[in-house]
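Reviewing the structure listed below.
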2 protein chains.
Amino acid sequence: MKMSDVAKLANVSPATVSRVLSHPELVSTETRQKVLDVINQVNYKPHIVARQFRTKETKIILVVVPDITSAFFSKVLRGIEHVAVNHGYQVILGDTENDIEREKEYINLLLQKQADGMVLLTARLNKANLEEISNHFPMVLACEYIDGLNIPTVSIDNISSARKATEHLIKLGHTKIAHITGTINVILSRDRMRGYQQAMMSHDLDIDSAYIQEGDFSFESGYNQMLKLLALENPPTAVFAFNDDMAMGAIKAVKDSGLKCPEDLAVVGFDNIKMSSFHEPKLTTIDQPKYEIGKKAMEMLIKLINKESIHKKKIVMKDELIIRESCSSESKVRESLEVI
Amino acid sequence: MKMSDVAKLANVSPATVSRVLSHPELVSTETRQKVLDVINQVNYKPHIVARQFRTKETKIILVVVPDITSAFFSKVLRGIEHVAVNHGYQVILGDTENDIEREKEYINLLLQKQADGMVLLTARLNKANLEEISNHFPMVLACEYIDGLNIPTVSIDNISSARKATEHLIKLGHTKIAHITGTINVILSRDRMRGYQQAMMSHDLDIDSAYIQEGDFSFESGYNQMLKLLALENPPTAVFAFNDDMAMGAIKAVKDSGLKCPEDLAVVGFDNIKMSSFHEPKLTTIDQPKYEIGKKAMEMLIKLINKESIHKKKIVMKDELIIRESCSSESKVRESLEVI
DNA sequence: CTGAAAGCGCTTACAG
DNA sequence: CTGAAAGCGCTTACAG
């Protein structure tokens with residue numbers, strides 16, 4: 001059943017059927033009703049690919065995520081989705097599983113016009129390439145970004161957030177502070193590490209090079225890296241983890257080693273995912289405005305698609321340090337260790 | 001830049017360019033090279049939507065998931081993805097967030113031919129509707145299914161698995177066994193509840209109606225429902241939870257109530273997600289072959305798309321009870337309670 | 001092995 | 001307000 005068949009049944013031209021579907025206000029009430037009746041009667045569904053081909057619009061937004069199972073990204077996703085749906089766009093998801101090749105494949109979908117635009121929640125491809133693409137296709141970066149690139153971006157200031165997290169530990173009296181990073185090929189990992197280093201240096205604290213351990217964002221890697229830190233001859237009294245998942249993994253390692261958090265080891269996370277307030281102990285962490293990041297990113301993308309101008313190409317959202325239970329002061333740590 | 005432009009530059013017809021791209025073996029080596037040179041030189045990318053429109057194929061598989069953040073579904077997804085990619089299909093994801101309306105929207109993508117086929121990891125629409133669709137479009141159900149429907153399906157036998165889980169508790173001497181269900185509009189919730197009831201009844205055990213509490217698959221709901229169960233005048237000594245997430249939530253509630261798992265309360269989960277072996281205590285649970293379910297489902301879908309015949313429309317995969325630490329025998333529970 | 005031509009199912013500028 | 005007609009960019013059956 002195609003449009004011309006519907007047209008025949010309704011005694012109108014295909015053009016009229018098309019108008020009833022896409023611009024009903026251009027058709028008289030009478031004709032419109034006649035056509036709609038036929039459409040319902042035969043349960044006609046327009047062939048969307050034909051429409052897309054004709055109009056050069058897909059009404060689809062592709063969102064590329066490094067890991068769909070992450071509680072952090074799924075919140076960002078919600079923000080994107082809500083705005084998209086409000087503007088008549090459908091969201092489809094590309095999960096890269098942190099694989100740069102799959103990132104490429106999804107970007108190809110955009111190049112081949114299978115989506116009207118794209119939000120990248122991961123940006124690990126080379127700079128020149130990405131900038132080139134963004135010059136020709138609507139694209140915005142959220143969370144991850146690429147330095148010195150003229151692509152619209154929404155994120156927090158990861159360096160200053162990480163500095164703030166680390167300084168919280170320093171204020172509590174800790175001096176032996178370790179950092180579990182994300183995979184270091186990701187810019188956010190390098191940013192948060194830099195923030196950590198800035199805080200340490202500006203307080204004249206040494207960073208034992210063994211105090212920096214590279215994780216891969218997962219609970220397990222937080223666990224494993226923490227075990228390494230605890231095995232050190234001179235173990236840290238506090239740890240700042242790249243994200244809450246690894247922070248919780250680290251705490252698990254602390255517990256499994258017969259130690260206690262925060263009494264024996266203070267831990268700060270990052271992201272403020274839902275679980276962090278259920279966890280034992282409740283996590284001290286940096287809150288990112290996840291939903292709002294997604295929302296803003298999608299709003300920018302829609303402007304790009306509509307070729308409206310964007311006054312601000314880079315949006316930096318506000319973070320917040322959430323103090324809960326996973327950090328106590330260094331003196332307490334000392335006491336606790338002395339008891340042992 | 002379109003195909004005809006490339007053709008001109010290479011001094012061939014558009015048909016030849018098309019063949020170089022889609023059926024290179026039909027073109028002489030010489031001509032092929034000439035065309036490829038031009039393609040590379042001008043960086044020509046075929047317009048995929050035009051191709052899709054012409055061939056009626058999208059090479060896209062739509063997978064509809066009730067909750068992308070679930071560790072269980074993401075494993076199934078991996079199985080689907082790997083098979084899909086091996087057969088030249090791209091996978092896009094539709095996340096319904098357990099919303100039946102969004103399930104409909106994604107199914108519409110299929111009806112409108114924006115995907116060659118679809119794997120539904122959630123099937124909550126009405127029966128007749130779904131059967132009708134599956135008669136005209138390649139579709140397979142995985143995990144969730146609909147009873148009495150002739151749609152290809154891959155799943156475990158949820159009833160018998162749930163019975164097995166409950167019987168494990170019974171064998172340990174428990175008689176006061178509660179069940180935290182999933183949302184009851186989902187068939188899997190009803191199946192696992194039935195398995196629970198079968199086990200209880202076949203051992204002549206009463207089911208206090210307050211022992212059945214409806215959760216919504218989330219950690220939080222497991223937590224909240226467990227709190228209700230513990231508040232009962234005659235609380236259970238064991239709980240079978242619909243999934244591992246709720247089982248962990250339940251255990252958290254036990255701990256927060258000053259009790260211990262398994263000493264004061266035995267808990268069995270379902271799914272055997274990764275976290276269940278990291279959890280404290282390690283979860284006793286039912287293992288589903290998640291990756292294999294996805295794999296099998298996708299293999300069936302590809303056969304459907306290619307109009308090959310399928311000998312078995314329903315595939316029932318094997319489950320396994322994994323015994324770990326979260327259940328001890330009822331006698332121990334009794335002792336522990338007597339101490340209090 | 002290659003080309004000319006038809007056609008996939010819509011939408012829209014144009015004319016009336 | 002409505003219709004006739006062109007055309008979006010490919011692919012493929014057919015002919016040579």
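Proteins get letters first, then strands, A, B, ... in listed order; numbering begins at 1 in each.
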Does Val49(B) reach a base, just sugar-phosphate, or nothing at all? Heavy atoms under 4.0 Å. nothing

Decide yes or no on side chain to side chain donor-acceptor pair (under 3.5 Å) for Gln114(A) and Gln52(B), but give the supporting numbers first. CA-CA 10 Å; Gln114(A) 297 193 72; Gln52(B) 290 173 352; 2.6 Å; yes

Where the side chain of Asp116(A) meets the backbone of Lys59(A), is there a donor-acceptor pair that is under 3.5 Å apart? yes

Any-strand Watson-Crick or G-U partner of dC1(C), both distances under 3.5 Å: dG16(D)

On a whole-Å scale, what distance lies between the C1' atoms belonging to dG16(C) and dT12(C)? 16 Å

Using a 6.0 Å cut-off, check whether atom NZ of Lys104(A) has over 12 heavy atoms from anything other than its own residue. no

Can you confirm whether Lys8(A) is buried at NZ, in the sense that more than 12 heavy atoms of other residues, nucleotides or ligands lie under 6.0 Å from that atom? no

Would Asn135(B) and Glu131(B) count as a side chain to side chain donor-acceptor pair (under 3.5 Å) here? Give the steps. CA-CA 6 Å; Asn135(B) 284 334; Glu131(B) 179 142 45; 5.5 Å; no

With the sugar-phosphate defined as primed atoms, P, OP1 and OP2, and the base as all remaining atoms, what B/S/- string results for nucleotides 7-16 of chain C, 5' to 3', for protein heavy atoms under 4.0 Å? BBBBBBB---

